[in-house]
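Reminder, nothing fancy here: chain letters follow the sequence lines and each chain counts from 1.
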Amino acid sequence: MAFELPELPYAYDALEPIISKKTLEFHHDKHHAAYVNNLNNLIKGTEFENADIIDIITKSEGGIFNNAAQVWNHTFYFDQFGKDSAKEPKGPLADAINASFGSFDEFKEKFSAAAKTLFGSGWAWLVKKNNGSLDIVQTSNAANPLAEGFIPILTCDVWEHAYYLDYQNKRPDYIVNFWDIINWDIVSGRY
Amino acid sequence: MAFQLPDLNYDYNALEPYIDGQTMEIHYTKHHGGYTSKLNDAIKDSELETKTIEDLLKDVSKYSVGVRNNGGGFYNHKLFWDIMSGSGGGQPSGGLLEAIKKDFGSFDKFKEEFNTSAATRFGSGWAWLINQNGKLVVASTPNQDNPLMDVAEVKGTPILGLDVWEHAYYLKYQNRRPEYINAFWNVIDWDQVAKRFV
């Protein structure tokens, strides 16, 4: 069965002024949609035609991998936003952040540095390891920590298309503002 | 001696409507300017300060990732600005045209191969026309790598380059990279490309 583009779980202007309506329209309706469409075309007649998205991400390579991972990454990214929610992590995730990074502020600093310094297109991730501890990883282009056996908890898209209309070359400003739109209820639930 | 941001030989709006003035200004002052100052930071107080950019790129695997990323960014953008002009477009002539016909079949076939290379580079990078001792090939590189680098899959001297980082086209073309690639052919300064084909 073909993959479908998930609806954005909020209005296109819901994240203004941090992420503009125009950016979300292109990011969701064009970029995310293209990855879904490309993936469906690429898997036709292959072993992945009826596979689960995670299966495709962990077993494929090349164009199929790139598009499958970008489908998953964008769904995961868009799902974690919303302005009316807890401003900080809670419950077991809050404890794990303190245990792994010392404090929420230290975690924010490390995650922001990872997002700032990823060269080229890619993603910064907060991931959960097998032992429950947390780590921060960077991936290039479409790459996704699932393929390394980590469980993603939070991500920041640092492809230029995620911020260029709103911030141009000022990626650090996008990253500073990114913290104000995270829906920590949803992110805490992923841990 | 520190590297200097090279002059842009035309106004920011000289390539309109194909490349807009706002994109040119940010691309040149912020992105190219940023690579230049970060390259200087990466080589500061080391023996690398005395090397030419070509020498740095040739042995780039020996140096820090900052030299690779910013040295590439410094070189690539200079080449990119130099091979474009507001009175560009058309086709090359003379020896360059002959070489293109010999190695690709026709100018149109070369164009098609170059366009495919630029369109299919996943993520950030560059598409190139490369001179390999008289033989021309098309290839692309990720991020700010280029064919002069010892780490490049396809090596040689780049004589034409197209920036396909999203910052090169997003303000005007957004997700429509193919439109930007088509527009590029209207601003190529073939005399400048031919000068590099030696």
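Interatomic distance, Asn169(A) CG to His32(B) NE2, rounded to the nearest 0.5 Å: 14.0 Å. Distance check: Trp165(B) CH2 to Glu160(A) CD gives 6.0 Å after rounding to the nearest 0.5 Å. The CG atom of Asn175(B) sits 10.0 Å away from the CG atom of Asp29(A) when rounded to the nearest 0.5 Å. We find the CG-CG distance between Asn143(B) and Leu118(A) to be 8.5 Å, quoted to the nearest 0.5 Å. Going from atom CD of Gln168(A) over to atom CG of Leu171(B) covers 5.5 Å, rounded to the nearest 0.5 Å.
Residues of residues 180-191 of chain A never come closer than 4.5 Å to chain B when only heavy atoms are counted. For residues 86-102 of chain B, an interface with chain A (any heavy-atom pair closer than 4.5 Å) does not exist.
Aromatic ring centroids of His161(A) and Tyr173(B) lie 6.0 Å or more apart.
The neighbour count for Asp52(A) CG, taken as heavy atoms of other residues, nucleotides or ligands under 6.0 Å away, is above 12. Within a 6.0 Å radius of CG in Asn131(A), other residues, nucleotides and ligands contribute more than 12 heavy atoms.
Minimum heavy-atom separation, Ser124(B) to Ser121(A): OG-OG, 2.6 Å.
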Candidate pair Arg176(B) and Phe26(A), rule side-chain contact (heavy atoms from CB on, under 4.5 Å), full reasoning = CA-CA 10 Å; Arg176(B) 301 180 302 281; Phe26(A) 281 110; 4.1 Å; yes
Hey, mind stepping through Tyr164(A) and His27(B) against ring-ring contact (aromatic ring centres under 6.0 Å, His included) and telling me if it holds?
-> CA-CA 12 Å; Tyr164(A) 212 80; His27(B) 202 172; 8.7 Å; no
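Using a 4.5 Å cut-off between heavy atoms, Glu25(A) makes no contact with chain B at all. Contacts between His31(B) and chain A at a heavy-atom distance below 4.5 Å involve the side chain alone, from C-beta outward. With a 4.5 Å cut-off on non-hydrogen atoms, Ala142(A) touches chain B through its backbone and its side chain both.
Asp20(B) meets the side-chain hydrogen bond (donor to acceptor under 3.5 Å, both in side chains) test with Thr23(B); sequence neighbours excluded. Listed by chain and residue number, nothing satisfies the ring pair (Phe, Tyr, Trp, His ring centres under 6.0 Å) test with Tyr12(A) (two or more places apart in sequence, or in another chain).
Side-chain atoms of Gln70(A) and Phe122(B), non-hydrogen and from C-beta on, do get closer than 4.5 Å to each other.
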